[in-house]
Each structure stands twice: as C-alpha cells, then as structure tokens.
J.: 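Could you have a look at this structure, given as structure tokens, before my questions?
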2 protein chains.
Amino acid sequence: MNFQQLRIIREAVRRDFNLTEVASVLATSQSGVSKHIRDIEDELGAEIFLRRGKRLLGLTKAGQTIMGYVETILTDAGNIKRLAEELRAADQGALALATTHTQARYALPSVISGFRKAFPQVRLALHQTSPTEITSMLLDGRADIGIATEALALHPDLVTFPYYTWHHAVVVAKGHPLEGHAQPLSLQDIAAYPIITYHAGFTGRPMIDRTFEAAGIKPDIVMAAMDADVIKAYVGLGLGIGLLAAMSVDAARETGLSLLRADHLFAENTSYIALRRGRFQRGFACRFIALCRPDLSEAHIRKSVQPPS
Amino acid sequence: MNFQQLRIIREAVRRDFNLTEVASVLATSQSGVSKHIRDIEDELGAEIFLRRGKRLLGLTKAGQTIMGYVETILTDAGNIKRLAEELRAADQGALALATTHTQARYALPSVISGFRKAFPQVRLALHQTSPTEITSMLLDGRADIGIATEALALHPDLVTFPYYTWHHAVVVAKGHPLEGHAQPLSLQDIAAYPIITYHAGFTGRPMIDRTFEAAGIKPDIVMAAMDADVIKAYVGLGLGIGLLAAMSVDAARETGLSLLRADHLFAENTSYIALRRGRFQRGFACRFIALCRPDLSEAHIRKSVQPPS
DNA sequence: AAAGCTTACGAGAGCCGTAACCATA
DNA sequence: TATGGTTACGGCTCTCGTAAGCTTT
C-alpha cells in the first residue's frame, strides 16, 4: 500500500470512476492508474470497485468502508505538509475561500482587504458558488474556508462558527405604493405584489418560503435570482418588489430604490464560517477567521477542528 | 512522503530514538533508516528530531505535532488491512489480549474457553502485565483488547466498557481471631492486624488506600503482591490478613483460609474492557467482548470506537 | 573502545509511460 | 466507432543493504 494508490482510489470516486480522467488529474498515465488499482486490490485480497466487464461502476461494500480510512489518511498527509509549510514560511501560501455572492459582495470586502494588507504574500483565491458546492469544495479540499448562510451547519464533517446575523428587507422602486403604506408592513401587504427574491437554497430563501407557508400565504414569486444585484436591477425596472438581505442595500448609494424594514416578519438569519473537520488550518487561515470573528483564537479554531483522541 | 518513512518516525519515538534498534524492529538496515529520516525532513523542510551532533535526542516542536498525524495515518492503514482480512477470512487471524493477573486468573477463563470453541482458528495471545503496560500495549497496537480495573478509563485514546463490578474481601488463616470476631468487620478491626494486599496501581489498591486515609487510619501493610495467589499463600503462612478481590477466593476450594465480607467497608470496583480509539476491530474481537458483555453488539462497539466525522 | 549515525555505492525492486490490444456503449 | 480499460515491455527512479568512515559517550 502506498500513497499514490490511495490518491488514485480517492480520485476514482471523485471522478465518477473514470480512470482516464483520474490519470490526467493526477498527472500520470492511465495504465499506471489501472495497475495501481489492481495491485492494491491484490494486496488486500478484496475488490474495492464494482465492475461491469472492464468498466468501473462504483464501490463495493468493502470499498465504501475503506474509503473512510483512505480519506483520513490523505487528509492527515496533507496536514503534515501544511504544518511543515507553516513552520517554514508562516506568511506565505495559498488560501482558498468558497462563498456565495451575498457574502462576497457585502460582508467580505472589508475583511479581505484587511487580510491582504496583513498577508500580502498569501495567494488568496475567492470562489463564488452555491452553498452545496461550497460544502463539496470544503469536503474535498478545494477550499479552506467556506462562508454561507445555508447548508454548512448540517454536515458532520464540517465545523462551523456563526459569523453574523442579518434580516431580510423589502426593496421597492421609488414611488411604489408600498412606500407610502403604513409601516411596519405585514406579510399580506408584501404578498399583494409580485416578488423578486433569491433562488432556492440561497441566502435565506428556505426561511422565506417557510414563513409564507406558516402564514398560509402563497406569494407570487415572479423571479428568483442568485444575487441581490440582479434582484435590485429588476426591482428598478418595475418587475416587482424585492425581498433580499438588508445588508445588500446601501440606502445612501442606491438610486431609485427605497428600503422598507421587514425584521418583524422574517426570522433572523445566521451566516456561518465553515472548516473541514480534521483538516489542519494554516496560521493565516485562522487570522482570516479572526478578522471575521475577533473572539476566535488560532488555538480555539485548531481545537474545534481536531477530532478527539 | 511514504509509509516506510512514517513507520520509521513512529518507531524512533517508541524506541527512544535509537535508530539501530528501529532498523532491527522494522527488519531493515540502519543506514536506510537514517536516510529515510533525512529524506522526509528535507521534503518537509523542517527538522523532526532534536539532535546533539549525530545522536537523536527527541522530537522538535514540529515533530511533536506531526507525530499525532503520523499515528492516525498508520492506524488507519492498519485498519484497512484488518478490514480486508476480515472480509477474506472472518474466522481467522490473531487476537491479543492484555490483562492483569486478577482478570486472567478469575474472570476470563470461562470467556476464553468459550471463545476458543467459537473461533478455533484464531491465534489467541494473552499478555499478563500491569495496568499501565496494558494501556501502553493498547496505544501502540501490541494488544487489541485490554481488561483491567485501573488506569484504562482515564486515557482519552482508549474507549472503555464496564465489564463487571466486584468488592474487596478479607481472608484470614483458619483459627485467626478475626474469624470469631463480631461481623460485619469495621476498618479498625482490620487495621489492627498486619495486612497483605495488592501492589500500588493493581486491582483496586488505590481505592483501598483512599478508604483508609479517609477514615484517618494508617494500616500496617506488610506485603504488597501483584496477585491474589501470592497474597493467599502468605496469609496461609500467618504473615498477616489478606485484603483482596472477593472473586479470587473460591470458598469451596480454599483450604486453611476463611473469607470475611468487607463489601460495606470498601466501595465497589469496576473492571473495564478497553479498546484503542480509532482502531478497527475484527469481528471475532467484537465477539470476544460480547462474551463478556452480551448486550454489546458488533455495530455498537465499532461505533463507539470510531472518531466522529 | 563501544555504540551509534552518516556517506558511498552497487544490486534489485517497483513505478512510470508508450504502445498495442481488448471490451463496452 | 469512440471511449475506456488491460496487458506487455523497456527505462528509470527509488529503495535497500553492505561496508567503510566519522562522532559521541
């Protein structure tokens, strides 16, 4: 058994059992990949992969159990390398963030500029995607830190820290009837108009749906976008009223739009910072988190991430 | 980085940094060991070992941190091998027990004979040692299952299951004054005579000491043995009265000795079954435990041992 | 002087990649 | 027929072990 064999097994699962693809990702030959798989299966005396003829289709029962161990072995091997780098050059390296539009656009800019000033030598990559993809990037190591409102807190292999809380708000075009309407608004007031809000699974959308449903109201959602900028643009065009995260509307800068409070209608949302459990985090990664949550120390973060024992 | 390098690092720590010894344990050449260490230190760009001149003396700070990861990697590699063996031949393999005299002599015989009948093909090794050595054998993989009263429940890397509870009892030579004394005995009654009991750290001795101390009594312990047989022999010779685990005296079989109850004087003791956290246990190991504790299923044992994630 | 680590070097095993071949969709 | 996997084989690297040399106690 060697590390290359384990890398191949892991990658085979990730690449949906296409060994040609595995070979190219691991920068080696496809025949070598084949041979390594045969070798380790021989050594263990058990089949890891299900096959139909020559094609690999999935994992055997044995393979599934083995995979858990393979993952931790490779994670720990990575931890050793990262730890060594940390000792060699604490202020150099790469940090991959995975986050949603809302965070990237409204919450993180100040944090990121502070971080760049503190660690100019760290190559910072910001990946903007969906919450589920953020989860997947954290799990397979493509991202170090994930930041989002949805999905992250649920997975047992992710460790999460609350980042900040926020509320939804209503945005209408200047001159819209709701602007003059008695405040605070009710759910009925809002549901009287076509609504533009987030896509399913983004930025508190699940909570919006639950709120309307609990009130027995069926809102007319005419458009679902992945980010606030798109929502605002169409609100400006008069397509409907916007329902979005309050922090994404800067009253001073928006022209032609009015912000109406809705704190009392929709429950508070919490955005989370997430890390992969069992993964050693570089010092600057901890510092990044501390820029978001100044009360979290490097030691505390490392300890939260560590499995027991 | 490869597995041999990691094995060498781990073994270097265990063998007190004597590379010659490491080489012989790992059945390789000493020069190879040296080179592997240099190689991995070069690869990581950090020293793992403290040196004075050419001699290795200990781990650097970096080395200490790395060691944790090295241990889990090698444990998981072992888990994969054990799991594969399980699939290949569920009823064959080796099971190493580490236990104290008390357990080996009085609690386990029936369990072990039952196990041998159920798994005649499993090579069963029974190591009789001290509780601290049992802990160490579990931690470094020389033993699969540990059984003892002391020490095991404390270590965070061990998972323990209560096995059974028992009390201490007093044993005196036939015709000894205590035999005719009013029962039940008091601590003072006992402390009036020279006492023979277990060595420090064995079979409830810590609890005995605490009990006397709490009562403000200083017992006259004239002899401390590691097992009940020795204690009984010297009680028979009239050296003093014995204070030992009740189950180690079979009234029917002992000649020349009387057993006097002491349940009311000393707190109940619990003997534990211990496993290494994170180590995959063979099916027959789980069955062995089930012979001790029929309510523990294979699935339950495996789950208890598994770190989260 | 003995024990312990490093360096040098030759033999061999294991890994990799090309190419031809076979199987599946 | 295109995609994907296996087998065969030569080259090469990496690992191992012997032996000699150097350090430390």
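The basis for the numbers below is simple: all heavy atoms, side chains too, and nothing from hydrogens, waters or symmetry mates. Each chain gets a letter, A, B and so on, in the order its sequence line appears, and its residues count up from 1.
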J.: Under a plain distance cut-off of 3.5 Å, with no hydrogens placed, do A/Arg15 and A/Thr20 share a side-chain donor-acceptor pair?
T.: no
J.: Can you name the nearest heavy-atom pair linking A/Arg205 to A/Ala224, along with the distance?
T.: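 So the minimum-distance heavy-atom pair works out to NH1-CB, 4.0 Å.
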J.: For B/Leu56 and for A/Gln4, find the nucleotide of DNA chain C with the closest heavy atom, then tell me which residue's nucleotide is more 5'.
T.: B/Leu56
J.: Will you find, in the side chains of B/Arg82 and B/Asn79, an N or O donor that is under 3.5 Å from an N or O acceptor?
T.: yes
J.: Between residues 36-55 of chain B and DNA chain C, which residues have a heavy-atom gap below 4.0 Å?
T.: B/Arg38, B/Lys54, B/Arg55
J.: Donor-acceptor pair, distance only, cut-off 3.5 Å: does the side chain of A/Arg276 make one with the backbone of A/Leu139?
T.: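 It does hold such a pair.
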J.: Say whether A/His36 and A/Asn2, considering side chains only, have a donor N or O and an acceptor N or O under 3.5 Å apart.
T.: no
J.: Under 4.0 Å, heavy atoms only, any strand: does A/Gln30 hit a base, just the sugar-phosphate, or nothing?
T.: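 If one applies the 4.0 Å heavy-atom cut-off, A/Gln30 turns out to touch a base.
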J.: Would you check if the side chain of A/Arg279 reaches a backbone N or O of A/Asp144 as a donor-acceptor pair within less than 3.5 Å?
T.: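 Looks like no, no N/O pair under 3.5 Å.
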J.: Go through residues 9-29 of chain A and report each residue with a non-hydrogen atom lying under 4.0 Å from DNA chain C, sorted by number.
T.: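 Per residue number, the list reads A/Thr28, A/Ser29.
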J.: Closest-nucleotide mapping onto DNA chain C: is A/Lys35 or A/Leu57 further toward the 5' terminus? I mean the 5' end.
T.: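 Per heavy-atom nearest nucleotide, the more 5' residue is A/Lys35.
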J.: Indicate every side-chain donor-acceptor pair of residues 87-96 of chain B with a distance under 3.5 Å to a residue at least two apart or in another chain.
T.:
unit_1: B/Arg88; atom_1: NH1; unit_2: A/Leu44; atom_2: O; d: 2.6

J.: Answer yes or no: does atom CE of B/Met226 have more than 12 heavy-atom neighbours from other residues, nucleotides or ligands under 6.0 Å?
T.: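 Counting other residues, nucleotides and ligands, CE of B/Met226 stays at 12 neighbours or fewer.
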J.: For B/Ala77, enumerate each residue passing the side chain to side chain contact (heavy atoms under 4.5 Å, CB included) test, keeping only those at least two apart in sequence or located in another chain.
T.: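 Side chain to side chain contact (heavy atoms under 4.5 Å, CB included) list for B/Ala77, sorted by chain: A/Met1, A/Ile73, B/Phe3.
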J.: Can you pull the contact range of chain A along DNA chain C, 5' to 3', using atoms under 4.0 angstrom from its heavy atoms?
T.: C/dC15 to C/dA25
J.: Return a table of donor-acceptor pairs under 3.5 angstrom between the side chains of residues 122-132 of chain B and protein atoms on other chains or two or more places apart.
T.:
unit_1: B/Ser130; atom_1: OG; unit_2: B/Thr132; atom_2: OG1; d: 3.3
unit_1: B/Ser130; atom_1: OG; unit_2: B/Glu133; atom_2: N; d: 3.2

J.: Rounded to whole Å, please give me the gap between CG in A/Asn2 and P in D/dT15.
T.: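 Nearest whole value for this atom pair: 11 Å.
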